[in-house]
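The chain is numbered in sequence order, starting from 1. As the structure is a computational prediction, the values presented were derived from the model and not from experiment.
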Amino acid sequence: MTARDQLDRPLHPWLKRLFGRLLGVSLFTKILVANGAVVALGAVAGTYLTAEHVKASPHGTHYEMMALMGGAGLALSLALNALVLRAAFAPLALLERTARRVIAGDLDARVRLGPVRDPHTEQLAKTVNAMLESLQVHTRQLEEYSVRLRELSDRVLLAQEEERLRLSRELHDETGQELSTLLLGLRLFRDAAGAPQPDLPALRAQAAQLAELARSTLDGVRVLALDLRPRMLDDLGLATALRAYVDEWSARTSVPVTYSTQPDGGPPLPVLPPTTEIALYRMVQEALVNVAKHAAASAVRVSLTTVDGALVVEVQDNGRGMTLPKSASDQAAAGHAGPSGPQAREAPDAPDAPDAPDAPDAASGLSAGIGLFGAQERISLVGGRLAIESAPGGGTTVRAIVPLPDHAPTSAA
Ligand SMILES: Nc1ncnc2c1ncn2[C@@H]1O[C@H](COP(=O)(O)OP(=O)(O)O)[C@@H](O)[C@H]1O
Ligand SMILES: [Mg+2]
């Protein structure tokens with residue numbers, strides 16, 4: 001142990017506190033005390049020295065003494081003020097250095113004040129540090145979000161490519177095949193019809209077969225077209241297009257769907273901008289595809305209602321449900337709900353207990369699928385938000401809330 005350590009040890013705590021107190025007074029007090037000290041020192045030393053000087057040479061005018069006193073007082077005052085101001089403004093230089101480090105990208109930089117501190121600069125340093133702390137947290141969140149966004153956009157591109165592949169395969173293998181068969185059939189028909197004595201009943205049967213083939217090809221093309229873009233949406237509006245889709249989905253999956261628009265007797269749904277309509281349509285489509293794929297539900301409810309100047313579109317199933325991330329921020333990070341997204345909780349008004357035969361014991365978790373994320377992005381792009389409520393065994397509700405345009409003209413729903 002060095003001599004310095006020995007000295008430091010007993011004195012250290014209370015001396016430090018005392019110095020801290022003294023050095024921590026405000027800039028105003030520091031300057032006041034420093035100048036007071038200079039004046040007091042000047043007065044005492046000046047009086048003493050003058051008295052001594054007068055004693056030594058009682059008959060002089062003592063100009064040299066006045067000059068000496070004045071000069072020493074001024075020098076001392078300037079030096080002390082400079083020292084005090086320098087020490088008091090040091091934290092500002094420190095703040096500036098910290099700000100430069102942050103600008104250069106060092107988000108771990110913090111203002112660390114020395115022992116000489118002014119309550120105001122200390123407060124400023126604390127506030128700056130708190131600001132940097134929150135900046136760091138937000139930056140980290142943003143980085144995580146952008147990584148996730150990049151992953152998702154990769155997956156979106158992949159999904160788009162897969163969808164194109166599916167369409168191309170469907171057009172080639174199904175529609176193309178059927179059209180080839182139709183072409184062949186028509187050639188045979190032409191040859192048979194061109195024979196010297198055509199067999200009219202056989203020709204009629206052949207024509208009926210070809211017509212049937214053309215009709216089924218047309219059906220396939222229609223389904224494909226509906227998948228790509230619901231024309232009904234442009235022609236008949238959201239409520240009717242959704243009803244058609246819901247009916248078709250229910251017939252295909254054999255899951256009964258209750259579809260409702262507005263409570264009975266309510267005003268008709270307002271006309272929405274086309275981008276909003278397509279976003280809502282795709283959201284319902286995605287939610288129903290999810291019900292078919294993941295929920296094992298025995299009943300589904302789809303509803304469109306206007307509440308407080310907003311249109312609420314809800315798809316509710318009584319299936320196996322899923323585990324949602326605990327906090328809303330998790331959900332936002334996972335891209336599955338807006339800032340006011342729901343917590344994991346039981347969906348209100350859920351239909352009675354699910355009786356799906358193939359529902360496994362464990363409900364699925366909200367995995368990093370892109371379906372719901374895509375729906376959420378779409379809805380938020382049109383100024384709305386998507387909320388998901390679900391609990392294992394408690395069904396799932398996907399709800400989009402979009403603001404209604406002011407004074408929108410109304411249309412029959
Ligand atoms: N209605 C639902 N019932 C139960 N689980 C669901 C339901 N909807 C979504 N999920 C769960 O949430 C996950 C994410 O859904 P989604 O984003 O559409 O992706 P994907 O359908 O491609 O898996 C699904 O994988 C599934 O586990
Ligand atoms: Mg999906």
Mind checking whether [X] and [Y] have side chains closer than 4.5 Å, heavy atoms only?
| X | Y | value |
| --- | --- | --- |
| Gln123 | Thr127 | yes |
| Pro405 | Pro270 | no |
| Leu92 | Leu124 | yes |
| Leu238 | Leu233 | yes |
| Val313 | Tyr281 | no |
| Leu152 | Arg148 | yes |
| Arg101 | Thr98 | no |
| Leu280 | Thr276 | yes |

Practice task
Show the numbers, then the answer: is there a side chain to side chain contact (heavy atoms under 4.5 Å, CB included) between Leu107 and Val102?
Solution key: CA-CA 5 Å; Leu107 286 180; Val102 173; 3.9 Å; yes
Exercise for the section: Please step through side chain to side chain contact (heavy atoms under 4.5 Å, CB included) for the pair Glu286 and Gln376, ending with a clear verdict. Expected result: CA-CA 11 Å; Glu286 177 58 35; Gln376 195 225 352; over 6 Å; no
Looking at [Y] and [X], is there a salt bridge between them, counting it only when a charged N and a carboxylate O are closer than 4.0 Å?
| X | Y | answer |
| --- | --- | --- |
| Arg215 | Asp219 | yes |
| Arg100 | Glu96 | yes |
| Glu170 | Arg166 | yes |

Okay, side chain of [X], backbone of [Y]: is any donor-acceptor separation there less than 3.5 Å?
| X | Y | result |
| --- | --- | --- |
| Arg320 | His294 | yes |
| Asn129 | Val111 | yes |
| Ser250 | Val246 | no |
| Ser77 | Gly73 | no |
| Thr306 | Leu311 | no |
| Tyr259 | Ala244 | no |
| Ser390 | Gly395 | yes |
| Asn318 | Ala299 | yes |

Practice task
Flag yes if more than 12 heavy atoms outside Arg187 fall under 6.0 Å of its CZ atom; otherwise flag no.
Solution key: no
Handout entry: Atom CG of Asp308 with >12 non-hydrogen neighbours under 6.0 angstrom
Key = no
Which value, rounded to the nearest 0.5 Å, describes the distance between [X] atom [atom1] and [Y] atom [atom2]?
| X | Y | atom1 | atom2 | value |
| --- | --- | --- | --- | --- |
| Leu179 | Leu184 | CG | CG | 12.5 Å |
| Arg243 | Leu236 | CZ | CG | 12.0 Å |
| Leu158 | Ser153 | CG | OG | 11.0 Å |
| Thr396 | Leu324 | OG1 | CG | 7.5 Å |
| Arg399 | Thr305 | CZ | OG1 | 9.0 Å |
| Leu218 | Thr175 | CG | OG1 | 10.5 Å |

At their closest point, which heavy atom of [X] faces which heavy atom of [Y], and how far apart are they?
| X | Y | result |
| --- | --- | --- |
| Pro403 | Gly383 | CD-O, 3.3 Å |
| Ala192 | Leu203 | CB-CD2, 3.6 Å |
| Ala297 | Asp317 | CB-CB, 3.8 Å |
| Ser380 | Glu377 | OG-O, 3.1 Å |
| Ala34 | Leu80 | CB-CD2, 3.5 Å |
| Leu94 | Arg112 | CD2-O, 2.8 Å |

Completion exercise
Only one of Glu178, Glu174, Glu212 passes side chain to side chain contact (heavy atoms under 4.5 Å, CB included) with Thr217, and that residue is Glu178
Exercise for the section: Scan Leu242, Val398, Val255, Val315 and name whichever one has a side chain to side chain contact (heavy atoms under 4.5 Å, CB included) with Leu288. Expected result: Val315
Exercise for the section: Please determine, by modelled atom types, if Glu314 and Thr397 share a side-chain donor-acceptor pair under 3.5 angstrom. Expected result: no
Exercise for the section: Go through Arg110 and Glu133 one step at a time and tell me if the side chain to side chain contact (heavy atoms under 4.5 Å, CB included) criterion holds. Expected result: CA-CA 9 Å; Arg110 293 290 179 274; Glu133 204 66 53; 3.3 Å; yes
Practice task
Starting from the C-alpha separation in whole Å, work towards a yes-or-no answer on side chain to side chain contact (heavy atoms under 4.5 Å, CB included) for Met131 and Leu135.
Solution key: CA-CA 6 Å; Met131 188 187 78; Leu135 186 73; 5.6 Å; no
